[in-house]
There are 2 protein chains.
Amino acid sequence: MPSDRDETPAQPTISEVAAEAGVGRATAARTLGGYGYVSAELRERVLAAADRLGYRANALARSVSTGVSHTLGVILADIGNPFFAGVMRGISDTSRARGFDTIVLSTYEDLEEEVAAVNVLIDKRVDGVIIASTAVGRGEVAHIQAALDRGIPVVLVDRAVASLDLDAVVIDNRDAARGAVETLIEAGHRRIGFVWGPPAAQVPATRRELLAEASRNLWTDGERLRGYLDALDDARIPFDPELVMVGRKTEDRVTREVARMLALPDRTTALFCTETEAVTGALRALRAAGLAYPRDVALIGFDDSAWAAVMDPPLTMIEQPVHRLGAKAAEVLLDTIGGAEPARTMHTLRSRLVVRSSVAPPPGS
Amino acid sequence: MPSDRDETPAQPTISEVAAEAGVGRATAARTLGGYGYVSAELRERVLAAADRLGYRANALARSVSTGVSHTLGVILADIGNPFFAGVMRGISDTSRARGFDTIVLSTYEDLEEEVAAVNVLIDKRVDGVIIASTAVGRGEVAHIQAALDRGIPVVLVDRAVASLDLDAVVIDNRDAARGAVETLIEAGHRRIGFVWGPPAAQVPATRRELLAEASRNLWTDGERLRGYLDALDDARIPFDPELVMVGRKTEDRVTREVARMLALPDRTTALFCTETEAVTGALRALRAAGLAYPRDVALIGFDDSAWAAVMDPPLTMIEQPVHRLGAKAAEVLLDTIGGAEPARTMHTLRSRLVVRSSVAPPPGS
DNA sequence: CTGTGACCTGATACCGGTATCACGCGGAGG
DNA sequence: CCTCCGCGTGATACCGGTATCAGGTCACAG
């Protein structure tokens, strides 16, 4: 086995480069590390030797020594979800441009997974963390606080967390929801179904309880509910718990719930969906009920996509600036890592209602 | 500033734990590292001290020492693309389950970016690499070979690379394409448009040149072309370059190209699209031309999604096992890292034609 | 009472970098 | 001619872990 006593090791170190160049380890280190004095002649020799051996600095060793890893940790609900994938792309693009790489972890909305993810990132000594946290209450943020206490800057993305005074990059969820519902109201609708998502067992009967439930759940869900209620209030339309769906917005559940709303004596004539799965689920329910949009029921949903535009008729949707969301979060984090004093504010990005053809007046009018 | 001379450092080290516990550094290290002898009593003391200080081992330092990082590098064309996001999810799920984390990089189909990405991963000393490479020719794989030479195992995903004898986890692209086109032919179509994607300037006029062009491009594109040709051959339908589109499958370009095929004297009556953007682009062209599917033109595309199912009529699509693709790639890589001898074969996963309602006989029949 | 070995422990030499510092050498100035 | 200084270099002590090893303690057998 002649390949076993290879002369050039697979992963040459600074010492090997130094030996190859016939200089001291320190000289090779200074040349390769780009610090301190090295004469032009020796520099050439070292560089040539490094090139010959294919030397590449061990970033881990460097990080242990310097204390910085040039790595960002990213914790999302689900990297397979197109929304988060888009956010991730924004994070990835801007951090790479600034010389940082990223470790991504998905939590699937499980707080324990999130805690574990934070620990992984602490262990790997990332320079900062971007997180779309599933945490809500004061008692659920210990892991994030722990990272902060260790001096690791954290930026929230997509979801603010009330009990955490941190930079957060989000969209104007409340405004977006209100705008969408207003559009529906302006078209003449009063029975507007809200395809919502907190994991409550059943829809609270009163407004007060509803709001309370909202604050016990994901910030985005709470904001979108408030926006829905805002629009209803402005138009003096009373809130009806029968028109609100609760629980995970999986396509199946949405389909069943929307079917229920559609079967009500005083049935829903418009639907506002707060997620992509909610839209596709609603569409399924419509078809099953033999109803067509916008003729029988109007529809507006969150998260525009190429598909929404080619539907027949094309769907009116809320477009979120996904890339910007990630990019901005990375910018804020990178600035903090760079030494800037964190603003600890909410950076609110504008969403956009893309008006197409899924809204029309209710049947009777 | 009393917080400055903090007694408990933000990121305590083994030495600090040892001091706190009143034992030697080595004893603390053995306890925390879980190797060698430690008496029950001292172990307790060390553990208690570690707990008090909130000790978490520095994974980077450990990696420098042990030579393994428990980190996988993943290089994809675009993490923002739902297909790759799904693959990434598969990779992420199975590697996390085995104690590995992942660093993801997007290349946007740029070879230089890919080379840079490999270097980043080499520098960060990942234990293995999964890559959906944009490399094709023998002259484009030096960076991958370099990683291999350094002893870093590499597994290809989605795209095989002819000049690289490595494990590759892919789907049966050729079969899938042939099956789809056969379905179209069986419905009676003979003028089948192929919305393809190699970045050639124009469609080669002859079969021979076309095949040559195919081998100069992404493996997936080549395979799908071969499958298209296979089906045509079996049915003795001559290949017509006018029915093939070339160049990046962006929605705009697809729309224009499909419009062209639709305007041909002997126009296209069926379309086979090799990517999601190709499908949405085709749909736009159909609408612009005032044509409906499946009545005026039949349609089959790659990459099923929830949207395709709720279209009206619902689309017949090829479903790729995205999660499995990533999961399998991670499994193969992890096994290799674990010491298994790499099989260096193509692991071909089955895709599935999800038959819905976008295929009907051509208008005339 | 000594020899032997099992059981523990701390010292110490790694890993591959960063960064400082002592010192040799040569030239300029007194 | 000697001193001093600056340039350039290698030695060396870090960083925070892993892993080995020498040696001390103690029980028990001979």
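Here is the naming used below: chain letters follow the sequence lines, and residue numbers restart at 1 for every chain.
For the pair A:Asp127 (side chain) and A:His70 (backbone), a donor-acceptor distance under 3.5 Å is present. Looking only at distances, no side-chain donor or acceptor of A:Arg324 sits under 3.5 Å from a matching main-chain atom of A:Val87.
Ion pairing between a basic and an acidic side chain is recognised when a charged N comes within 4.0 Å of a carboxylate O; B:Arg98 and B:Asp93 show no such pairing. A salt bridge between A:Glu16 and A:Arg52 is absent, with no side-chain N of the basic residue lying under 4.0 Å from a carboxylate O of the acidic one.
In this structure, B:Thr27 reaches the C:dG10 phosphate: one of its side-chain N or O atoms is under 4.0 Å from OP1 or OP2.
Rounded to whole angstrom, the span from the OH atom of A:Tyr37 across to the C1' atom of D:dT9 amounts to 13 Å.
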Review item, nucleotides 22-24 of chain C N/O atoms under 3.5 Å of protein N/O:
none

Can you pull every protein N or O that's under 3.5 Å from an N or O on nucleotides 16-19 of chain D?
{"unit_1": "D:dG17", "atom_1": "OP1", "unit_2": "B:Tyr55", "atom_2": "OH", "d": "3.4"}
{"unit_1": "D:dG17", "atom_1": "OP1", "unit_2": "B:Asn58", "atom_2": "N", "d": "3.3"}
{"unit_1": "D:dG17", "atom_1": "OP2", "unit_2": "B:Ile14", "atom_2": "N", "d": "2.9"}
{"unit_1": "D:dG17", "atom_1": "O5'", "unit_2": "B:Tyr55", "atom_2": "OH", "d": "3.1"}
{"unit_1": "D:dG17", "atom_1": "O5'", "unit_2": "B:Asn58", "atom_2": "N", "d": "3.4"}
{"unit_1": "D:dG17", "atom_1": "N7", "unit_2": "B:Arg25", "atom_2": "NH1", "d": "3.2"}
{"unit_1": "D:dG17", "atom_1": "O6", "unit_2": "B:Arg25", "atom_2": "NH2", "d": "2.9"}
{"unit_1": "D:dG17", "atom_1": "N2", "unit_2": "B:Ser65", "atom_2": "OG", "d": "3.1"}
{"unit_1": "D:dT18", "atom_1": "OP1", "unit_2": "B:Arg62", "atom_2": "NE", "d": "2.6"}
{"unit_1": "D:dT18", "atom_1": "OP1", "unit_2": "B:Arg62", "atom_2": "NH2", "d": "3.0"}
{"unit_1": "D:dT18", "atom_1": "O4'", "unit_2": "B:Ser65", "atom_2": "OG", "d": "2.8"}
{"unit_1": "D:dT18", "atom_1": "O4", "unit_2": "B:Arg25", "atom_2": "NH2", "d": "3.4"}
{"unit_1": "D:dA19", "atom_1": "N7", "unit_2": "B:Tyr35", "atom_2": "OH", "d": "2.9"}

*Just do the side-chain contact (heavy atoms from CB on, under 4.5 Å) check on B:Leu32 and B:Val46 with the steps written out, would you?*
CA-CA 8 Å; B:Leu32 270 4; B:Val46 171; 4.0 Å; yes

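Rounding to the nearest 0.5 Å places OG1 of B:Thr336 at 8.5 Å from CZ of B:Arg344. How far NE2 of B:His323 is from OG of B:Ser92: 8.5 Å, rounded to the nearest 0.5 Å.
Looking only at atom types and distance, the side chain of A:His347 has a donor-acceptor partner in the side chain of A:Asp167 under 3.5 Å away. Side chains of B:Lys124 and A:Thr71: a donor-acceptor N/O pair is present below 3.5 angstrom, by distance only.
Using a 4.5 Å cut-off on side-chain heavy atoms (C-beta onward), B:Arg45 and B:Leu42 make contact.
For the helix from C:dC1-D:dG30 to C:dG30-D:dC1, the rotation axes defined at the first and last 5 base pairs enclose an angle of 70°, given to the nearest 10°.
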